[in-house]
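A short write-up of the structure that comes next.
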Amino acid sequence: DKKEVDLAVQSAKAAFKIWRKKSGMERSRILLEAARIIRERKDEIATVETINNGKSVFEARLDIDTSWQCLEYYAGLAASMGGEHVQLPGGSFGYTRREPLGVCVGIGAWNYPFQIASWKSAPALACGNAMVFKPSPFTPVSTLLLAEIYTEAGVPPGLFNVVQGGAATGQFLCQHRDVAKVSFTGSVPTGKKIMELASKGVKPVTLELGGKSPLIIFSDCDIENAVRGAMMANFLTQGEVCCNGTRVFVQREILDKFTEEVVKQTKKIKIGDPLEEDTRMGPLINRSHLQHVLGFIEQAKNEGAKVLCGGDLCVPEDPKLKDGYYMTPCVLGNCKDGMTCVKEEIFGPVMSILSFDTEAEVLERANDTNFGLAAGVFTRDIQRAHRVVAELQAGVCYINNYNVSPVELPFGGYKMSGFGRENGRVTIEYYSQLKTICVEMGDVESVF
Ligand SMILES: NC(=O)C1=CN([C@@H]2O[C@H](COP(=O)(O)OP(=O)(O)OC[C@H]3O[C@@H](n4cnc5c(N)ncnc54)[C@H](O)[C@@H]3O)[C@@H](O)[C@H]2O)C=CC1
Ligand SMILES: NCCCC(=O)O
């Protein structure tokens, strides 16, 4: 509630006073230690994440890897953050200091709980800020491990605080007068509300919102790679991934061959207990979301799409899984641009295949959306690859791959998919502010 949110912010504020005085090297050392502990406890954290979210433990381990890598990356940058020196006339000069913002708030979605908390806290802390983080109430657990690890690594108590709760808790955080910035990952409607709340206090926001990203497959591609890319673009974390390439545009000459192969591979995905080593798809996040995703498939059928595989409730053989929120991954054929399954974010394991003839046509159609998070292109023609990505209205573009997450590269959207970036060097600018100092070496030349 409001009182607990205030306690968390006040404790973060106290920790900030200590942390902001530390040198970049000192912060770096502590972040590196936290990264080391995450690496050491990777299997345990991944297991907790699987129980938390339902994704396969195999995949959860990859999330934990991109989490400690993010801490290492910003630890590497912490010591080199600085300003510049500018010579002015008459021996005067100016310089700039890159300073932290204060207590930052992170609000996360349920699909990548530990990774989201790491991607927000690592640059925040590296820049000298404190963070109060609110995970989704559907996945409250793993973020607490991150808080324990930061404490064990040596951050001042309260520097990274976790508060639990839903929309009301999030609102208290965004409105708190001692909060300097809000970084949010979640849906577009919530993102708009957060922007509105933050605007009352003129607080900067970073918004990582939803998507309906295009994946364009030209007939000159390496088809096996393109099929693998399409699977990566649609079926990680039960399809509950913001940057998924769910509109798969395939050039007509290879449509049948590509579709046949992608359906064959989709049918092979092992669904079941996500804690088992060979499982590659676990249950969706909750029953209402499962019904929501299945509803999209019904609507797609009514609108003329053809279910080429999956799209059904799935009851795994293991009796202990019988009430799980499982469904079979779905490939929809005969999709058209105006269909709901092609226009709206489903956030489930549903791939829509569309055909196209020319580069100009597919670019027009790919960009015809209010979202702009990611996009992908598969082709062997290097000129075409770069020409196409230059025209795509998306914050993250992949050439001949999809859904890899190197933390060295910025991640974030265009259009209604949000603004600001996570990861990469540029994110330093979203967690710091520049102070200009103007130094006079002569006498004041007053105009009065
Ligand atoms: N671009 C990106 O990086 C990502 C975007 N997403 C998007 O998130 C959505 C799914 O995640 P959900 O957790 O269902 O999103 P959501 O928007 O319902 O909730 C996200 C977080 O915001 C909190 N929240 C809800 N209402 C709030 C309010 N009025 N004020 C402050 N906080 C509030 C929730 O408790 C949760 O922690 C999808 O649309 C997906 O595309 C998800 C993951 C990554
Ligand atoms: N690994 C990419 C994160 C995408 C998401 O948060 O949905």
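When a ligand or atom number is given, it counts from 1 through the structure's own listing order. Numbers here simply count residues along the sequence, with the first being 1. Values below: every heavy atom of this structure, side chains too, minus hydrogens, waters and symmetry copies.
Taking the six-membered ring where the residue is Trp, the centroids of F249 and F378 are separated by 6.0 Å or more. Here the two rings, on F347 and W110, have centers that are under 6.0 Å apart.
The Q115 neighbourhood of ligand 2 comprises atoms 1 (N), 2 (C), 3 (C), with distances under 4.0 Å to a heavy atom of that residue. Listed by number with element, the atoms of ligand 2 under 4.0 Å from a non-hydrogen atom of S405 are 1 (N), 2 (C).
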Could you go through residues 115-122 and list every donor-acceptor pair under 3.5 Å that involves a side-chain atom there, pairing it with any protein atom two or more places apart or in another chain?
{"residue": "Q115", "atom": "NE2", "partner": "T66", "partner atom": "OG1", "Å": "2.7"}
{"residue": "S118", "atom": "OG", "partner": "F114", "partner atom": "O", "Å": "2.9"}
{"residue": "W119", "atom": "NE1", "partner": "T66", "partner atom": "O", "Å": "3.3"}
{"residue": "K120", "atom": "NZ", "partner": "S183", "partner atom": "OG", "Å": "3.0"}
{"residue": "K120", "atom": "NZ", "partner": "T185", "partner atom": "OG1", "Å": "2.8"}
{"residue": "K120", "atom": "NZ", "partner": "E422", "partner atom": "OE2", "Å": "2.9"}
{"residue": "S121", "atom": "OG", "partner": "A117", "partner atom": "O", "Å": "2.7"}
{"residue": "S121", "atom": "OG", "partner": "Y150", "partner atom": "OH", "Å": "2.7"}

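Looking only at atom types and distance, the side chain of Q299 has no donor-acceptor partner in the side chain of N302 under 3.5 Å away.
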### Message
For E148 and R41: C-alpha separation, side-chain torsions, deciding distance, then whether salt bridge (charged side-chain N to carboxylate O under 4.0 Å, His left out) applies.
### Response
CA-CA 12 Å; E148 274 176 24; R41 294 176 60 183; 3.7 Å; yes
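Around ligand 1 you find I107, G108, A109, W110, N111, K134, P135, S136, P137, G166, A167, G170, Q171, F184, T185, G186, S187, T190, K193, I194, E208, L209, G210, C242, E345, F347, L373, F411, each with a heavy-atom distance below 4.0 Å.
The part of N111 lying near ligand 2 is the side chain, judged by heavy-atom distances below 4.0 Å.
A donor-acceptor pair under 3.5 Å links the side-chain atoms of R247 to the main chain of A366, judged by distance alone.
Scanning the protein for heavy atoms near atom 7 (O) of ligand 2, the closest one is C242 SG, 2.7 Å. Atom 6 (O) of ligand 2 has Y112 CD1, 3.6 Å as its closest protein atom, hydrogens excluded (heavy atom only).
Taking OG1 from T139 and CG from N52, the interatomic distance works out to 5.0 Å, rounded to the nearest 0.5 Å.
Under the rule for a ring-ring contact (aromatic ring centres under 6.0 Å, His included), the partners of Y398 that lie at least two apart in sequence or sit in another chain are Y402.
Heavy-atom distances between E240 and ligand 2 stay at or above 4.0 Å for every pair.
Contacts classified as ring pair (Phe, Tyr, Trp, His ring centres under 6.0 Å) and involving residues 164-213 (residues at least two apart or in different chains) are not found.
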